[in-house]
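I have placed the structure first, in the form of structure tokens, so that the comments after it can refer back to it.
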Amino acid sequence: KSTLLKCIIGLVAPTSGTVAVDGRDAVREARAVRRVTGLLFQNPDNQIVMPIVAEDLGFGLKNHGFSKAEIAERVAAGLARLGIAALAQRRIHELSGGEKQLVALAGVLALEPRTVLFDEPTSHLDLKNRNRLRDVLQALPEQAIVVSHDLDLLADFPRVVMIDGGRVARDGPAAEVLAHYREAHR
């Protein structure tokens, strides 16, 4: 399932066939795909590279060619959007797992993707931060594609696709697919 997300964003080539995002080949046109698609890794430590929160968000923006003024504006907006503006000057290693996950997400959202891919976003979180991330997911105007074993997180999603053995086993409303999954794995 994580490999599927990496195929969508062009980090991994499919072994057969193609993956298209907005009509673009995800491998051949990976840069164009990454301009409209962001990926939140399972472990935020794999995504955060700078020692200070604001510097980390700015790093990704700088690599996309934004001016200093645009970077400052987007960093402030990204942190404010997730309610973590107070973390701007904090050291990354001093943050909780939930705070790190939100910082990594703020970095993705600062690039203004149309679609955000989430790879097991709640796997390292306590209940409080898991619920906080759930609330953020529910409020996102961007399209979200979430890979998760956290069935409660998926319960309110309009569509759930169950993958089993590398193939689509079920595709439909969350209640229907999750009930099937629970029954199949009693």
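Heavy-atom basis, side chains included; hydrogens, waters and symmetry copies ignored.
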Please say yes or no: joined through hydrophobic side-chain contacts below 4.5 Å, possibly via intermediate residues, are Val53 and Leu61 part of one cluster? yes
With side chains defined as the heavy atoms from C-beta onward, is the minimum distance between Asn43 and His124 less than 4.5 Å? yes
Val160, Tyr181: one ILVMFWY side-chain cluster at the under-4.5 Å cut-off? yes
Using a strict threshold of under 4.0 Å (side-chain N to carboxylate O), is an ion pair present between Arg91 and Glu99? no
Just by modelled atom types, is the Ala169 backbone N or O under 3.5 Å from a matching donor or acceptor in the Asp164 side chain? no
Does CZ in Arg182 sit with more than 12 non-hydrogen atoms of other residues, nucleotides or ligands closer than 6.0 Å? yes
For Val19 versus Pro14, what's the shortest heavy-atom pair and its separation? CG2-CG, 4.2 Å
With salt bridge (Lys or Arg N to Asp or Glu O under 4.0 Å) as the test, would you mind laying out the steps for Arg130 and Asp152 before giving the verdict? CA-CA 10 Å; Arg130 177 237 174 254; Asp152 292 333; 5.0 Å; no
In Å, rounded to the nearest 0.5 Å, how long is the span from NE2 of His64 to CZ of Arg34? 9.0 Å
For the pair Glu29 (side chain) and Arg24 (backbone), establish whether a donor and an acceptor sit closer than 3.5 Å, ignoring hydrogens and angles. no
Expected output: side-chain Gln42 to main-chain Pro121 donor-acceptor under 3.5 Å: no
Hey, what do you get for CZ (Arg35) to CD (Glu112), rounding to the nearest 0.5 Å? 14.0 Å
Below 4.5 Å, heavy atoms only, C-beta onward: do Thr37 and Arg114 meet side chain to side chain? no
Looking only at the side chains, is there a donor atom on one of Glu120 and His149 sitting less than 3.5 Å from an acceptor on the other? yes
Can you name the nearest heavy-atom pair linking Leu125 to Gly98, along with the distance? CD2-CA, 3.4 Å
With side chain to side chain contact (heavy atoms under 4.5 Å, CB included) as the criterion, how do Val147 and Phe118 come out once you've worked through the C-alpha distance, each side chain's angles and the decisive distance to 0.1 Å? CA-CA 6 Å; Val147 167; Phe118 292 84; over 6 Å; no
Sub-4.5 Å side-chain heavy-atom contact between Arg74 and Phe66: yes
Separation between CZ of Arg81 and CG of Leu102, rounded to the nearest 0.5 Å: 12.0 Å
Nearest atoms (heavy-atom pairs only) where Leu111 meets Gly60: CD2-O, 4.1 Å
Between Gly38 and Pro113, the two heavy atoms sitting closest are N-CB, 3.6 Å
For residues Leu154 and Ser148, determine if any side-chain heavy atom of one lies less than 4.5 Å from a side-chain heavy atom of the other. yes
When clusters are formed by joining ILVMFWY residues with side-chain heavy atoms under 4.5 Å apart, either directly or through shared neighbours, do Leu40 and Ile48 land in the same one? yes
Please report the interatomic distance CG(Leu153) to CG(Leu133), rounded to the nearest 0.5 Å. 7.0 Å
If you define the side chain from C-beta out and look only at heavy atoms, does anything of Asp126 sit under 4.5 Å from Ser96? no
Using modelled atom types and a 3.5 Å cut-off, is there a donor and acceptor pairing between side-chain atoms of Glu70 and backbone atoms of Ser67? yes
Side-chain contact, heavy-atom cut-off 4.5 Å: Leu87 with Leu95? yes
Measuring from Ile71:CD1 to Glu55:CD, what's the distance to the nearest 0.5 Å? 12.0 Å
Work out which heavy atom in Ala26 is nearest to a heavy atom in Cys7; give both atom names and the distance. CB-O, 3.3 Å
Please determine, by modelled atom types, if Thr18 and Asp25 share a side-chain donor-acceptor pair under 3.5 angstrom. no
Look at atom CD of Glu73 and say whether more than 12 heavy atoms of other residues, nucleotides or ligands are closer to it than 6.0 Å. no
Do Thr115 and Val36 make a side-chain contact, defined as non-hydrogen atoms from C-beta onward lying under 4.5 Å apart? no
Within the structure provided, determine whether Val108 and Leu39 are in side-chain contact (heavy-atom separation under 4.5 Å). no
Roughly how far apart are Ile84 CD1 and Arg90 CZ, rounded to 0.5 Å? 10.5 Å
Run the numbers on Val177 and Val161 for side chain to side chain contact (heavy atoms under 4.5 Å, CB included), then give the verdict. CA-CA 7 Å; Val177 174; Val161 178; over 6 Å; no
Is Ile92 reachable from Leu105 through a run of I, L, V, M, F, W or Y residues, each pair having side-chain heavy atoms under 4.5 Å apart? yes
Nearest non-hydrogen partners of Gly83 and Arg132, listed with the distance: O-NH2, 3.6 Å
With the 4.5 Å side-chain cut-off for hydrophobic clustering, are Val116 and Val33 part of the same group? no
Where do Arg159 and Asp171 land on the side chain to side chain contact (heavy atoms under 4.5 Å, CB included) test, with the steps shown first? CA-CA 7 Å; Arg159 179 181 180 195; Asp171 181 354; 2.6 Å; yes
